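Note sheet for the following structure.
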Amino acid sequence: MGKNLRKLVSIGIISAMMAAGLAGCGSNTAESGKEPAAGNENVSASESAGAALEEAGSSNEGAETAGGSAGAAKDGLSFAGDIVGQGGVALDIFVSEMEYDFEGLGSDFQIYNDNFTADTQMQNMETMASKGYDGIMVYGWNATSLNSISSTFATAQIPFVIFDQIPRDEESVAAMEQNEYYVGSVGTDSYAEGVNAAQAMLDNGITKALILGGSVGDTIHDTRIEGFTKTFEEAGGKVLGAGRCTDPSEATTKFDDLLSANGDATGAYCLSGDYAIAAISAMGNHPEADVKLYVAGATNETIPYIKDGTIAYADSGSKLVIPIAAALLKNAAIGNVIKDEDGSAPYFNNVIPFEVTADNADRFTELFLTGHPLTAEEMQALVGENVTYQDFVEFINNYSMK
């Protein structure tokens, strides 16, 4: 299976702007007639999307794409997917994107909330299998469950795709490939995010850095740190200290402590937008500090600081994996199972989030925070009997905000 892992497809830094923006999220959850798993306190996609967009300061009323309403004629197909938890802006925006994409493709969609527990995720997978959906979006946040998930959908004979948090080692990918109902994985490259942030910091002459992020064991944050630290230190930089937090509520105090102990730091790598905001708060207690922030995952709250230069570098755009995964799944459901040139399920494992700058921040907000990166028409162009693996490769390589 090394051949699949060598098929790396990346998205470059977005330097221009997409011609047609999206401003809305539709809701078709109520139409599916399929209920979430009992006892998991599931929130409908429309409710979670509305909460996320309200928190981001946007409006969902009367939303349309540049070419008209987001929906397409209903095709009678019904899909479902899970999310690790709900209530946080980033995860709720992921739910909103899944709902929007399947509505744009003319299908119903139901979200299942894992409530941050592996047992609940497996209960949800078994419930989805029993409901007979036409395809499943799997958020592969718990790698130890992937083989059981694969077996569940093989038995139920339901296609599934893994998105964002995907299997990373050859053994896991090989195990997935043994299941004819596995239709691919689409994820971001967290290691490359760290590499890019370190290189940006070095290019700006920063050689003494701090790190602020989630607790040890958070695979995304751990991998970002690995890529950042290796690149930074091999080029002569030094990581002076790291604050690892159980949740962002601890971050202001931990960064305050880091600044007190490391007055010569001139850069900090914040592992998500929440941690960047906490770092900015802590810097208010240290007027003498001259620390530029480098951030993984731009959020609505970080945009003003990107514009004024407090945040020197930020990346984002990982939500693009969702329309790609949704299109792979929809193709499988209509009988057009996408395979690479070796006959394997697509494995797109390094969709690299792009740089968000002062120049493109407003457009980024419109497309990725309060709207969607693709119109319904662009989604539909990725589905059909004549769509091939190469079409997906070209889409990923050529995507930009122009």
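When a residue number appears, it is its place in the shown sequence, counting from 1. This structure is a prediction, so every number in the text was calculated from the model and none was measured.
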Evaluate the side-chain hydrogen bond (donor to acceptor under 3.5 Å, both in side chains) criterion for residues Thr310 and Asp308: first the C-alpha distance (whole Å), next the side-chain angles of each, then the deciding distance (0.1 Å), finally the verdict.
CA-CA 6 Å; Thr310 302; Asp308 72 13; 2.8 Å; yes
Worked check of side-chain hydrogen bond (donor to acceptor under 3.5 Å, both in side chains) between Lys292 and Thr266:
CA-CA 6 Å; Lys292 295 296 185 183; Thr266 53; over 6 Å; no
Ser344 vs Asp342, test: side-chain hydrogen bond (donor to acceptor under 3.5 Å, both in side chains). Steps then yes/no.
CA-CA 6 Å; Ser344 300; Asp342 295 325; 5.8 Å; no
Could you go through the side-chain hydrogen bond (donor to acceptor under 3.5 Å, both in side chains) check for Asp134 and Ser78 one step at a time?
CA-CA 6 Å; Asp134 296 291; Ser78 184; 5.5 Å; no
Apply salt bridge (charged side-chain N to carboxylate O under 4.0 Å, His left out) to residues Lys230 and Glu226 and explain how you reach the verdict.
CA-CA 6 Å; Lys230 182 176 176 60; Glu226 184 182 356; over 6 Å; no
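For Val295 against Ala276, the heavy-atom pair with the smallest separation is CG2-CB, 3.6 Å. Of all the heavy atoms in Pro323 and Met379, the pair that sits closest is CB-SD, 3.3 Å.
Asp164 is linked by a side chain to side chain donor-acceptor pair (under 3.5 Å) to Tyr139, counting only residues two or more places apart in sequence or in another chain. Taking Asp222 as the reference, Arg244 meet the salt bridge (charged side-chain N to carboxylate O under 4.0 Å, His left out) condition, with sequence neighbours excluded. Take Asn262 and apply the side chain to side chain donor-acceptor pair (under 3.5 Å) test, not counting sequence neighbours, and it matches no residue. A search for ring-ring contact (aromatic ring centres under 6.0 Å, His included) contacts involving Tyr305 returns nothing, not counting sequence neighbours. Considering only residues two or more places apart in sequence or on other chains, Glu385 meets the salt bridge (charged side-chain N to carboxylate O under 4.0 Å, His left out) condition with none of them. For Phe395, the ring-ring contact (aromatic ring centres under 6.0 Å, His included) test picks out Tyr399, with sequence neighbours left out. Tyr269 is linked by a ring-ring contact (aromatic ring centres under 6.0 Å, His included) to Phe228, counting only residues two or more places apart in sequence or in another chain. Partners of Asp257 according to the salt bridge (charged side-chain N to carboxylate O under 4.0 Å, His left out) rule, which considers only residues two or more places apart in sequence or in another chain, do not exist here. With sequence neighbours excluded, the residues that form a salt bridge (charged side-chain N to carboxylate O under 4.0 Å, His left out) with Lys208 are Asp264.
A salt bridge (charged side-chain N to carboxylate O under 4.0 Å, His left out) check over residues 191-203, counting only residues at least two apart or in different chains, returns the pairs Glu193-Arg224. Every pair passing ring pair (Phe, Tyr, Trp, His ring centres under 6.0 Å) that includes a residue from residues 170-222 is listed here, sequence neighbours excluded: Phe160-Tyr182, His221-Tyr275. Among residue pairs with one or both ends in residues 145-157, none qualify as salt bridge (charged side-chain N to carboxylate O under 4.0 Å, His left out); sequence neighbours excluded.
You'll find the ring centres of Phe79 and Phe109 outside the 6.0 Å limit. Aromatic rings of Tyr389 and Phe348 (six-membered ring for Trp) have centroids within the 6.0 Å cut-off, being under it.
A distance-only check finds no donor-acceptor pair linking the side chain of Ser96 to the backbone of Asp92 [under 3.5 Å]. Counting only distance, with no hydrogens or angles, the side chain of Asn349 and the backbone of Arg168 share no donor-acceptor pair below 3.5 Å. When atom types are taken as modelled, the side chain of Asp101 and the backbone of Leu374 share no donor-acceptor pair closer than 3.5 angstrom. With hydrogens and angles ignored, the 3.5 Å screen pairs no side-chain donor or acceptor of Ser150 with any backbone N or O of Leu146. Under a 3.5 Å cut-off, the side chain of Asp315 and the backbone N or O of Ala197 do not form any donor-acceptor pair. Of the possible donor and acceptor atoms, none in the side chain of Thr188 sits under 3.5 Å from a partner among the backbone N and O of Ser190. The backbone N or O of Ala332 lies less than 3.5 Å from no partner atom in the side chain of Asn336, so there is not a single donor-acceptor pair. Formation of a donor-acceptor pair under 3.5 Å by the Asp82 side chain with backbone atoms of Met125 is not found in this model. Without hydrogens or angle criteria, Asp114 side chain to Thr117 main chain gives no donor-acceptor distance under 3.5 Å. For the pair Asp247 (side chain) and Ser249 (backbone), a donor-acceptor distance under 3.5 Å is present.
In this model, no donor atom of one side chain and acceptor atom of the other lie less than 3.5 Å apart for Asp362 and Thr365. Donor-acceptor pairing under 3.5 Å is recorded for the side chains of His286 and Asp256. Counting only N and O atoms by type, the side chains of Thr357 and Glu355 include no donor and acceptor under 3.5 Å apart. For the residue pair Asp340 / Tyr347, no side-chain donor-acceptor distance below 3.5 Å is found, with atom types taken as modelled.
Side-chain atoms of Phe153 and Val138, non-hydrogen and from C-beta on, do get closer than 4.5 Å to each other. Val356 is not listed as a side-chain neighbour of Ile311, based on a closest heavy-atom distance of 4.5 Å or more. The closest side-chain heavy-atom distance from Phe163 to Met98 is below 4.5 Å. In this structure, Thr388 and Lys339 have side chains that are not in contact, with every pair of non-hydrogen atoms separated by 4.5 Å or more. The closest side-chain heavy-atom distance from Leu369 to Ile303 is below 4.5 Å.
In this structure, the separation between CD on Glu233 and NZ on Lys238 is 9.0 Å, given to the nearest 0.5 Å.
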